[in-house]
Amino acid sequence: MDSSDLVAASIAITSYRRKSPGLGGLSLRTNELICDNLDDEAVSKPAEQFILSSKMNEWDRDSTISILDYFQDPMITAYGKLDQDWFNEGESFALASSNTPQMQLDEAIKRRRSVRRYTGDPIDQSDLSSLLRYSSGITGKANVARSDGNEEVYYYRAVSSGGGLYPVEVYVAVKKVKGLPSGIYRYSPRNDALVVSGGEDDVSGLMAGLSVSDDQLNIDGASVVFILVGVPWRSMRKYGSRGLRFVFHEVGAISENIQLVSAALGIGATDCSSYYDDVVNQALGLDGQHKFVADLVIAGIPA
Ligand SMILES: Cc1cc2nc3c(=O)[nH]c(=O)nc-3n(C[C@H](O)[C@H](O)[C@H](O)COP(=O)(O)O)c2cc1C
């Protein structure tokens, strides 16, 4: 079936909208068809269900108990402690010193634009360091009193995070960075290091998962791809379904910081949600559910 068949099929199916007695039996459903039939039992509505199931209400005792249990149930505390992104570090490189952006914040905010064309030249390691540190690096620490009365050292980062649980990990696919071999690395904020996670083949595997044409977005010319990986249970263990909202919140914050620092350093960057999830998750060795690619930010020297 080619794309014109698909368009014809979707038009034919869309003509059944609302009146269709056989809605439950249709296999192709456009988003429009789903939207028009939200009151029909036959149509699954995962997005709406997610919004409803992640609501907080005054009478919601389940959530209150879960949140209190987080520091009091030894199993949950143990899982929470083990599920932190500085565990199981492998071969790693200390991050180079940063190139501190000199631009005023208001100027960087005004200049930020999605930049989709790149020269193909490498970026400096110091620029990569700035992009990682100012988007997800550790910026301070403090002793914090927990709800169970104990104290814990909290490591604060460049972005806010519900409960300080940081359910987003930043990987970077290095295509062209001066002095750094091409490959996939995970940024470890706690160790301020790049942990080797894959080789050049995995970078190619990731690129094969992008569903954009070169006219739309010049990925061939890009120097790096930041891969924002959601680890939902890190938040959901404490906050239930609502914790998934925190993943997307944090992805947006990290992406925005990458884009503002890019603007200040003269690097071009754009969010890219046009990717085939299974392909990119596989390139990173993620199961796609407990750990999944939630966003990509493509960056390079602006053409
Ligand atoms: C969640 C998200 C996903 C996006 N995905 C893509 C994408 O796949 N391809 C692309 O070229 N731009 C993508 N963009 C960039 C938007 O098109 C861009 O932000 C918008 O047109 C506004 O332009 P500006 O960023 O220059 O202000 C995405 C932006 C966001 C926030």
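Small disclaimer: the values here were computed from a predicted structure and weren't measured. We count ligands from 1, going down the list as the structure has it; atoms in each ligand are counted the same way.
Within 6.0 Å of atom CD in E256, more than 12 heavy atoms from other residues, nucleotides or ligands are found, so the atom counts as buried in its surroundings. Heavy atoms from other residues, nucleotides or ligands lying under 6.0 Å from OH of Y154 number more than 12. Residue F50 places its CZ atom among more than 12 non-hydrogen atoms of other residues, nucleotides or ligands, all under 6.0 Å distant.
Within a 4.0 Å radius of atom 31 (C) of ligand 1, the protein has at least one heavy atom. Under the 4.0 Å distance rule, the nearest protein heavy atom to atom 22 (C) of ligand 1 falls outside the cut-off.
A centroid separation of 6.0 Å or more is found between the aromatic rings of Y187 and Y171.
At least one N or O atom of R112, backbone or side chain, sits closer than 3.5 Å to an N or O atom of ligand 1. Close N/O approach between S273 and ligand 1 is found [any backbone or side-chain N/O within under 3.5 Å].
Atom 8 (O) of ligand 1 has its nearest heavy-atom neighbour, among A294, A269, S274, S255, in S274. When N218, D271, V212 are ranked by how near their heavy atoms come to atom 29 (C) of ligand 1, first place goes to D271. Of the listed residues (E256, Q216, R116), the one carrying the non-hydrogen atom nearest atom 17 (O) of ligand 1 is R116.
For ligand 1, the atoms sitting less than 4.0 Å from at least one non-hydrogen atom of R113 are 26 (O), numbered in the order shown with element in parentheses. Shown in contact with T270 at under 4.0 Å from a heavy atom are these atoms of ligand 1, numbered in order with element: 12 (N), 15 (C).
Within the structure, the closest approach of Q259 to ligand 1 does not fall below 4.0 Å when heavy atoms are considered.
Taking a cutoff of 4.0 Å between a charged side-chain nitrogen and a carboxylate oxygen, D121 and K176 do not qualify as a salt bridge.
In this structure, the side chains of I301 and I123 come closer than 4.5 Å at one or more pairs of heavy atoms. You'll find the side chain of D83 reaches within 4.5 Å of the side chain of R237, heavy atoms only.
Nearest to atom 19 (O) of ligand 1 among the protein's heavy atoms is S114 OG, 3.3 Å.
With a 4.0 Å cut-off on non-hydrogen atoms, D295 does not touch ligand 1 at all.
Here the shortest heavy-atom pairing between K81 and E152 reads NZ-OE2, 2.7 Å.
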